[in-house]
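Notes to accompany the following structure.
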Amino acid sequence: MCMFQSVMNYFPEEVLDHVFDFLTSHRDRNAVSLVCKSWYSVERFSREKVFIGNCYAVNPERLIDRFPRLRSLSLKGKPHFADFNLVPHDWGGRVYPWIEAMAKSRINLEELRLKRMVVSDESLELLAKSFPNFKSLVLVSCEGFTTDGLAAIASNCKFLRELDLQENEVDDRKGHWLSCFPESCTSLVSLNFACLKGEVNVAALERLVARCRNLRSLRLNHTVPLEVLQKILVQAPQLNDLGTGSFTHDPNSETYVKLKNAMKNCHSIRSLSGFLDVNGRCLPAVYPICTSLTALNLSYAPGLFSNELAKLIYHCKKIERLWILDTIGDKGLGVVANTCKELQELRVFPSDLYGVGNAAVTEEGLVAISAGCPKLNSILYFCQQMTNAALITVAKNCPNFIRFRLCTLNPVVPDAATNQPLDEGFGAIVQSCKGLTRLSVSGQLTDQVFLYIGMYAEQLEMLSIAFAGDSDKGMLYVLNGCKKLKKLEIRDSPFGNMALLSDMGKYETMRSLWMSSCQVTLGACKTLAEKMPRLNVEIISENEGGAGEGEARLDDRDRVEKMYLYRTLVGPRTDAPDFVWTL
Amino acid sequence: MEKRGAGLETELRLGLPGGEVEKNEKKRVFEEFDGCEDKAAVHKNQVVGWPPVAAFRRKNSFNGGKMYVKVSMDGAPFLRKVDLSMHKGYSELVRALEDLFGCFGIGEALKEDEENNEFVPIYEDKDGDWMLLGDVPWEMFANSCKRLRMMKRADANGVGLHAKDLLKGFSKED
């Protein structure tokens, strides 16, 4: 290493800089900055893209200090379980301080990608006005803004290329934000407003599409009718990625015929989604596109019946990524298995959350897919039931899983055939899939499954556990065995203080740990917080009655409802609300 | 063999008038039985946050988001319909009901003074049981409510309802 270093040091920094330009992955760059001080220094001045997996692990000042040439920032805020209403509103994750700091330091920000953060209209306005070269805004599962904020972006970002809104809670003020793109704006490459509830000015939309000749990706919301879609496709046959708005019309009408013709002309569409509000009889219009599709998302189209879905999928021979509802049924999954030989990622979402579950899929569908799709490496599967035998078969058929997430609709359901826990099935998955990085388990599970996970899941980075395990041993197997674990989230499982405190240093090697409705007590959390100053240990109360009261009334022996801990360089956060108590 | 799921018992408490809810008291809506006889509650998916479907997806991919249910009022000649997806909580729903039936002050009256209000809001859930409004989290209610009924208080007598218990879920949203 010494000789290597001195050889490398022979070269001026410009050469190192140039070499580092070829490193795009943030993991590579992080590794490189650890080699020596000189490399750290060159790397930090050359890095333009920064990814921060937990916005509270660092602060804006440190970010800007270390990476002055920052151009692209990705930030994640709330913990994953916030998606399922387990984190109270107002927990945190505001982006404003970041934007404010970057604006003050005159960072030349061009891209901002946020996930599970709170984005206010003020943030968007400040963003729009502070960065003259701003090009790309991607918001995923965020909240806190209205269409007024979007109007600010549209009006002010002269070189905007990408505005991508995925599954955000947006307060739609129905003020014509889309009309705020000036006539001079021709730079749009990607526009996704599928998650918005309100109407947009369709004339403005059509004009915008017509003048943005580089537009490649367009996802409309449910208020955009089929007639308008047809006109848009005539203007933009070069699209790669299309999200239809509503897709319902009289299939005998002239408009529908025009749509069919327009679609035939769209030779470049590789990704299709939308169908929010759909008439199944209109689906044949998309068949010509299906043959070249690599990605298809029908998970927001509950109105499609299994046979309509099957007919559509029958045309999709090149599909690599498929998101669908369980209305497809096991039979429909059989069609997928026979047709989609290039399939890599499958997500099957539940269509009937609180009902009896007639439309659900079972282990049969999963086995069929595993047998028919040799390239399958990522799955999210909500199902009515599962068996160990099926999982063992799946493990044999698909040793290449990187992500495996199984959610039984009843969280503690045992093997449907034998009534045994599903330990053996998941055990087979982790043993066979040596590259597994993400796993979610469900169904009736004992400590045994965690023994297997600890033993075999060597590459595992993220694990989600719910209603599983018998004792602290379960959690211990995981903490001791999974060396690459980054995120562990546990709910409603009997893991307690012994497991929590057994290897406190482990948590500094991880991004975060979430435990809710488990057996950990306040006293143990306090011990952990005291011994590990570089962790924030947050206790989150249910009631917004003030953690002050809670502090006084909670005894060290009391169980903690929700605990979220994460490593951080910057100590307890200053923006925590009343109901969050950082120990 | 160690007992599973030690922390999963149902905890039901009566909200005492004027008293505060204890920090650790949490109403769990499903029960763990050693003998596996009745996993009914778990079966009915009444656990908060399960199945783990993102909140955005829950609101937007089922029935196009709309949740119209019939509302009847004892004594009224016809029924009305209300879209539960339009409301974020019980208080909003109660206000909407007040507007529909012109009986103002259902929520207020019930909170303060038993005598004055004639009606008790109840709903039929997916199991066909008639439930009192306000016990469960809003989203759970909205997804399991099949129809609403404004029942005459006179018919509810003898059940031992106290006004202040009735709408303990309401005050949180105000």
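To find a chain, count down the sequence lines: A is the first, B the second, and so on, and within it residues start at 1.
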- Where does A:F382 contact chain B at under 4.5 Å (heavy atoms): side chain, backbone, both or neither? side chain
- With the side chain counted from C-beta on, respond yes when A:S273 and A:Y300 share a heavy-atom pair under 4.5 Å apart, and no when they do not. no
- Ionic contact status for B:R149 with B:E124, cut-off 4.0 Å: no
- Okay, A:S440 and chain B: the region with an atom under 4.5 Å from a heavy atom over there is neither
- Side chain, backbone, both or neither of A:F81 within contact of chain B (heavy atoms, under 4.5 Å): neither
- Message: Tell me if a side-chain donor or acceptor on A:S493 pairs with a main-chain N or O of A:F495 at a distance below 3.5 Å.
- Response: no
- Message: Among A:C195, A:S141, A:A82, which residue has the highest count of heavy-atom pairs closer than 4.5 Å to chain B?
- Response: A:C195
- Item | Listed partners of A:K78 passing salt bridge (charged side-chain N to carboxylate O under 4.0 Å, His left out), at least two apart | A:E143
- Query: Does any heavy atom of chain B fall under 4.5 Å from the side chain of A:N419, the backbone, both, or neither of them?
  - Reply: neither
- Query: Do A:Q384 and A:T408 have a side chain donor and acceptor closer than 3.5 Å?
  - Reply: no
- Bottom line for A:C518: the part with an atom under 4.5 Å from chain B's heavy atoms is neither
